Number of protein chains: 2
Amino acid sequence: MSLRYAILAILTAAPLTGYETAKRFEGSVGHVWHAPDSQIYPELRRMEAESLVEGREERWGPNSLKTRYYITAEGEEAFRTWMATPLKYAPWRDVAHMQAAYFEWTDPDSVRMHLQQHAQHYQDQIQQWSSQVQDIESHEHPMIAARLQRYPAEQHERIVAYKSFAYDGLIRLAQAEVDWANRGLQLLADLESEDAG
Amino acid sequence: MSLRYAILAILTAAPLTGYETAKRFEGSVGHVWHAPDSQIYPELRRMEAESLVEGREERWGPNSLKTRYYITAEGEEAFRTWMATPLKYAPWRDVAHMQAAYFEWTDPDSVRMHLQQHAQHYQDQIQQWSSQVQDIESHEHPMIAARLQRYPAEQHERIVAYKSFAYDGLIRLAQAEVDWANRGLQLLADLESEDAG
DNA sequence: TCACGCATGTAAATTGTTACATGATTGG
DNA sequence: CCAATCATGTAACAATTTACATGCGTGA
């Protein structure tokens with residue numbers, strides 16, 4: 001159900017076509033919530049059927065149409081309700097850590113590969129999220145710019161602060177993953193030197 | 001597909017009935033990988049059909065039978081292959097952080113509730129994982145005890161070290177979540193005092 | 001005119017969740 | 001004998017992934 005609220009969230013900043021929505025899920029929002037276009041088009045239609053969004057047709061070139069989706073009052077209400085509802089925390093599921101618990105089942109080179117890949121992956125994430133934070137704080141981010149226009153200036157600080165805060169949390173999580181992988185590489189080195197010594 | 005490998009992983013320590021397997025996913029392994037019994041029974045049968053495990057019937061009381069599943073050589077091989085294969089990192093999905101990015105859509109009390117719940121949830125996780133680590137390091141953990149019996153003593157340190165390492169990573173991630181929630185509560189207080197001032 | 005981006009989907013398969021369902025065994 | 005635990009499932013639904021599929025518009 002979260003896809004629905006992710007869509008509502010971005011439509012609160014500006015109305016979008018299905019294509020644009022899907023692009024957001026590859027770009028900015030996609031760094032917090034991913035969804036493929038094959039999921040987005042049908043979801044938008046379902047949401048329209050439930051009057052959470054309203055699709056308005058627009059000309060696109062001489063012979064074509066495209067549909068731009070606007071969040072409705074009902075959609076905003078549903079979003080607000082969700083925002084005020086406690087989250088259900090899903091039971092934990094973490095392949096990388098599960099696999100690490102059984103590293104004795106593979107050789108040291110493979111362990112090293114896993115840990116290096118882990119560190120690399122989360123370093124890349126840190127890069128992406130950091131650049132998001134920069135764009136947010138400088139108000140360069142296109143979605144942020146669109147969003148701020150809809151609010152009085154005294155609200156801007158709060159809006160930006162929450163978004164920075166969210167991404168900052170993700171960055172620190174990713175940093176914890178990188179640190180963990182590095183501690184694992186150290187552990188591996190220790191175990192290997194013991195074997196040799 | 002990870003459920004399959006999680007099952008293989010615990011069957012490398014000891015053969016189990018479907019019921020026992022499901023219990024493991026509520027208890028020890030469940031702290032790293034969760035699955036309901038409705039998923040486990042059919043998966044075990046599929047795995048038996050693919051000769052990754054072998055089910056042997058056992059008497060259970062005077063009139064009943066139960067099936068105990070043993071990992072096969074083929075199953076071990078599949079597990080080893082998976083252990084040596086690089087993970088695919090799934091695109092990020094994080095409801096709590098996504099929601100936090102839109103906190104301006106709800107009132108301060110609700111924000112506080114979310115953040116307190118978040119901190120509480122991860123503090124509970126830390127408790128659980130910490131007690132796992134203790135049981136692992138003291139070799140008190142029943143699965144660990146069973147597992148160590150199958151290996152020569154010089155392997156024990158390595159096996160225990162990897163498991164501690166895995167749980168330690170989870171604990172630090174959870175701590176990062178708690179810290180994040182607390183920074184959020186501080187941010188909220190700052191924003192509220194600004195409004196008041 | 002051709003490549004690239006914009007636009008919109010369908011279909012099949014997999015995976016996971018929730019709820020329902022049943023009955024035997026064991027220990028107090 | 002009764003409650004808790006052991007044992008094993010089915011059914012319906014929801015969510016997600018992967019692959020396939022099509023065609024117009026715009027700018028170089």
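So that the names make sense, note that chain A is the first sequence line, chain B the second, and so on, each numbered from 1. Only a predicted model underlies this, so the values are computations on that prediction, with no experimental measurement involved.
- Listed by chain and number, the residues in a ring pair (Phe, Tyr, Trp, His ring centres under 6.0 Å) with Trp180(B) are Phe165(A), His97(B), His118(B) (sequence neighbours excluded).
- Of the two residues contacting DNA chain D, namely Tyr19(B) and Tyr69(B), the nearest-nucleotide position lying further toward the 5' end is that of Tyr19(B).
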Less than 3.5 Å apart, which donor and acceptor atoms pair up between the side chains of residues 6-15 of chain A and the rest of the protein, not counting sequence neighbours?
| residue | atom | partner | partner atom | Å |
| --- | --- | --- | --- | --- |
| Thr12(A) | OG1 | Ala9(A) | O | 2.4 |
| Thr12(A) | OG1 | Arg147(A) | NH1 | 2.9 |
| Thr12(A) | OG1 | Arg147(A) | NH2 | 3.2 |

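- Within a heavy-atom distance below 4.0 Å of DNA chain D, the residues of residues 10-17 of chain B found are Thr17(B).
- Residue pairs satisfying the salt bridge (Lys or Arg N to Asp or Glu O under 4.0 Å) criterion with at least one member in residues 23-37 of chain B, sequence neighbours excluded, are listed as follows: Lys23(B)-Glu26(B).
- In this pair, His156(B) and His139(B) present their aromatic rings perpendicular. The plane angle is above 60°, beyond the 30 to 60° band.
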Nucleotide N/O of nucleotides 25-28 of chain C paired with protein N/O under 3.5 Å:
| residue | atom | partner | partner atom | Å |
| --- | --- | --- | --- | --- |
| dT25(C) | OP1 | Pro62(B) | N | 3.4 |
| dT25(C) | OP1 | Asn63(B) | N | 3.0 |
| dT25(C) | OP1 | Ser64(B) | OG | 3.1 |

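- For His121(B), the ring pair (Phe, Tyr, Trp, His ring centres under 6.0 Å) partners two or more places apart in sequence, or in a different chain, are Tyr89(A).
- If you find the closest nucleotide of DNA chain C to Lys66(A) and to Trp33(B), the one lying nearer the 5' end belongs to Lys66(A).
- Applying the salt bridge (Lys or Arg N to Asp or Glu O under 4.0 Å) test to every pair with at least one member in residues 118-144 of chain A, sequence neighbours left out, gives no pairs at all.
- The separation between Arg59(A) atom CZ and dA7(C) atom P is 14 Å, rounded to whole Å.
- As a whole-Å value, the separation of Glu58(A) CD from dT8(C) P is 10 Å.
- Dashed line: the shortest gap from a side-chain N or O of Arg93(B) to OP1 or OP2 of dT17(D) is under 4.0 Å.
- Among the protein residues, Arg45(B) comes within range of the sugar-phosphate backbone only, with heavy atoms under 4.0 Å from sugar or phosphate atoms but none that close to a base.
- With sequence neighbours left out, Tyr69(B) forms a ring pair (Phe, Tyr, Trp, His ring centres under 6.0 Å) with no residue at all.
- For Gln186(B) and Asn182(B), the side-chain atoms include no donor-acceptor pair closer than 3.5 Å.
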Show the distances under 3.5 angstrom between N or O atoms of the protein and N or O atoms of nucleotides 18-22 of chain C.
| residue | atom | partner | partner atom | Å |
| --- | --- | --- | --- | --- |
| dT18(C) | O4 | Ser38(B) | OG | 2.6 |

Give every donor-acceptor pair under 3.5 Å between a side-chain atom in residues 74-86 of chain A and any protein atom, sequence neighbours left out.
| residue | atom | partner | partner atom | Å |
| --- | --- | --- | --- | --- |
| Thr81(A) | OG1 | Glu77(A) | O | 2.9 |
| Thr85(A) | OG1 | Thr81(A) | O | 2.6 |

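- Residues in residues 111-122 of chain A take part in these salt bridge (Lys or Arg N to Asp or Glu O under 4.0 Å) pairs, two or more places apart or across chains: Asp109(A)-Arg112(A), Arg112(A)-Glu192(A).
- In this structure, Met113(A) shares a hydrophobic cluster with no other residue, the cluster being traced through Ile, Leu, Val, Met, Phe, Trp and Tyr side chains under 4.5 angstrom apart.
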